[in-house]
Amino acid sequence: MQVNEIKKLFLETFGGEDENLRVFASPGRVNLIGEHVDYCGGPVFPAALTMKTTIVARKRDDDIIRLKATDLDIVVEAKIDELEKYKGQLKWGDYQLGVALELKNAGYKIVGCDLLYDDTTPHGGGLSSSAAIEISTALMFATFSNEENGITTPVDMIEMAKLGQAAEHSYIGVNCGIMDQFASAMGKKDHAIYLDCATLDYELVPLTLGDYCLILSNTNKKHSLGASKYNERRMECEAGLNAFKTVMPKIKQLADISPEEFEANKGVLTDPVVLKRIKHIVYECDRVKRSVDALKSGDLATFGQLMNASHDSLQYDYEVSCDELDILAHEARKLPYVIGSRMTGAGFGGCTVSVVKKENANDFINTLAPIYQEKSGLTASFYISEIGDGGMEIK
Ligand code: GLA
């Protein structure tokens, strides 16, 4: 929806005049490479999308938060001093209230407000619609808090990313890494973020793809199994790290292990499943570094090969892909104008990202759509992805 339409709907829902309305937005993300390594201290390479969450907000003069979404009929009402109470009880709205609670616990003054949310990032599509909600919400509450407290310095977006991640852990129960919230908070138009998840050092790398573009192909398979499997992978990584520490006591995280060190010491992993998981982490971290070098030197072919290798590793070793993602990634690769294709995000559904020659973008969609339909029984959606800015207030 356009901002004016959201504002109109806001006034229809909550009444009043439009002079005190504020607008905040924060995007979803695509991860180019570096999957399931953020929580192992690895490097990742995401970019913010132009698909986003937009909030139209208005302060209230009591301690009540009212929430609505443009595509839902319900209005959720919550009291600021009872935020813990709603956890796990709501049909919708836990990301927002979880973030409010994290900010409150971090010392922000949460102001009562009426909020209307509009999302253009597809839900369950692996493009971090949840981080988009978290970061737009965090920015909005922090901005209001600063105004109450007479603080004029800009909101610290990296802190917002950390608080958004904390809300996901404590309120939603997904033990996610920092990548999605960081990309949503810190993205920059036409740039990807080369982020070291151990230190949060980052570099904005211009995403110059020349004659090529990024196409996101959505399996439209919701990743419902995702949360439990995600937490299971984290535990497997923990087990692998503990085993490796017995032979490499100096390492702090799996990302500290080089491929050579892995090969020399992998005998310490006696569980074959854990062995596969750690192999993915070690080689994926290496692929990210090589991808960034390749892209910086304009070597798209190498980048494409690394994307394909990343998908295969997620499919066979980390086992977070699914038939639908595999069909899209492998069928895409058969097309002569595709440089690379892989699943993006947590997996078990969601999207692939493919590097496709611009002039063949329509062929790509027209070729893949019927093949996917026939092989999976589902209808895919396609988006030619544009890289946008991170969270901001829209004035
Ligand atoms: C989800 C999580 C991220 C990251 C990816 C996989 O999107 O939120 O932290 O772990 O999965 O790379």
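In this chain, numbering begins with 1 at the start of the sequence shown. Since this is a predicted model, take the numbers as computed values, not measurements.
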Quiz item: Does the side-chain hydrogen bond (donor to acceptor under 3.5 Å, both in side chains) test come out yes or no for S129 and D119, once each step is laid out?
Solution: CA-CA 7 Å; S129 54; D119 296 327; over 6 Å; no

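- Remark: side-chain polar atoms of T219 are paired, donor with acceptor, to backbone N or O of K221 under 3.5 angstrom.
- Using a distance-only test at 3.5 Å, with no hydrogens or angles considered, no donor-acceptor pair links the side chain of N149 to the main chain of I151.
- Through direct or relayed side-chain contacts under 4.5 Å between Ile, Leu, Val, Met, Phe, Trp and Tyr, F364 connects to I215, I327, L328, L335, Y337, V338, V356, I365, L368, Y372, L378, F382, I384.
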Self-check item: CA sep, side-chain torsions, deciding dist, call: Y194, Y202, ring pair (Phe, Tyr, Trp, His ring centres under 6.0 Å)
Solution: CA-CA 5 Å; Y194 182 26; Y202 69 99; over 10 Å; no

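- Between the side chain of T199 and the backbone N or O of D201, at least one donor-acceptor pair lies under 3.5 Å.
- The SG atom of C351 sits 12.5 Å away from atom CG of N31, with the distance rounded to the nearest 0.5 Å.
- Under the 3.5 Å distance criterion, the side-chain polar atoms of S145 are left unmatched by any main-chain donor or acceptor of F141.
- In this structure, Y117 has its ring center no closer than 6.0 Å to that of F24.
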Quiz item: For D118 and T70, what are the C-alpha separation, side-chain angles and deciding distance, and is it a side-chain hydrogen bond (donor to acceptor under 3.5 Å, both in side chains)?
Solution: CA-CA 5 Å; D118 183 68; T70 51; 2.6 Å; yes

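- Taking 4.5 Å as the limit, every side-chain heavy atom of V353 sits out of range of all side-chain heavy atoms of S341.
- The main-chain N or O of Q253 is found under 3.5 Å from a side-chain atom of D256 such that the two form a donor-acceptor pair.
- Within a 6.0 Å sphere centred on CG of D61, heavy atoms belonging to other residues, nucleotides or ligands number 12 at most.
- At most 12 heavy atoms of other shown residues, nucleotides or ligands fall within 6.0 angstrom of atom CD in E386.
- Of the residues listed (I135, D38, I193), the one engaging F182 in a side-chain contact (heavy atoms from CB on, under 4.5 Å) is I193, and it is the only one.
- Taking the charged nitrogens against the carboxylate oxygens, R287 and E35 have no contact shorter than 4.0 Å, which rules out a salt bridge.
- The main-chain N or O of T302 is found under 3.5 Å from a side-chain atom of D299 such that the two form a donor-acceptor pair.
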Quiz item: Is there a side-chain contact (heavy atoms from CB on, under 4.5 Å) between N146 and Y108 once you walk through the steps?
Solution: CA-CA 8 Å; N146 285 354; Y108 286 89; 4.2 Å; yes

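- Looking only at distances, no side-chain donor or acceptor of Y95 sits under 3.5 Å from a matching main-chain atom of G164.
- Checking each of L49, T344, V355 against L214 for a side-chain contact (heavy atoms from CB on, under 4.5 Å) leaves exactly one that passes, namely V355.
- Aromatic ring centroids of Y230 and H36 lie under 6.0 Å apart.
- With salt bridges taken as basic N to acidic carboxylate O contacts below 4.0 Å, none links K189 and D389.
- Atom CD of E374 has 12 or fewer neighbouring heavy atoms from other residues, nucleotides or ligands inside a 6.0 Å radius.
- Looking at D114 and R60, a side-chain N of the basic residue comes within less than 4.0 Å of a carboxylate O on the acidic one, giving a salt bridge.
- Between M392 atom CE and T143 atom OG1 the span is 12.5 Å, to the nearest 0.5 Å.
- Classification of E5 and K8 as a salt-bridged pair fails, no side-chain N sitting under 4.0 Å from a carboxylate O.
- Side chain of R233 to backbone of E319: a donor-acceptor contact under 3.5 angstrom is found.
- Taking a cutoff of 4.0 Å between a charged side-chain nitrogen and a carboxylate oxygen, E159 and K162 do not qualify as a salt bridge.
- Stacking of K59 on the aromatic ring of F144 is recorded, both the 6.0 Å distance cut-off and the 45° axial limit being met.
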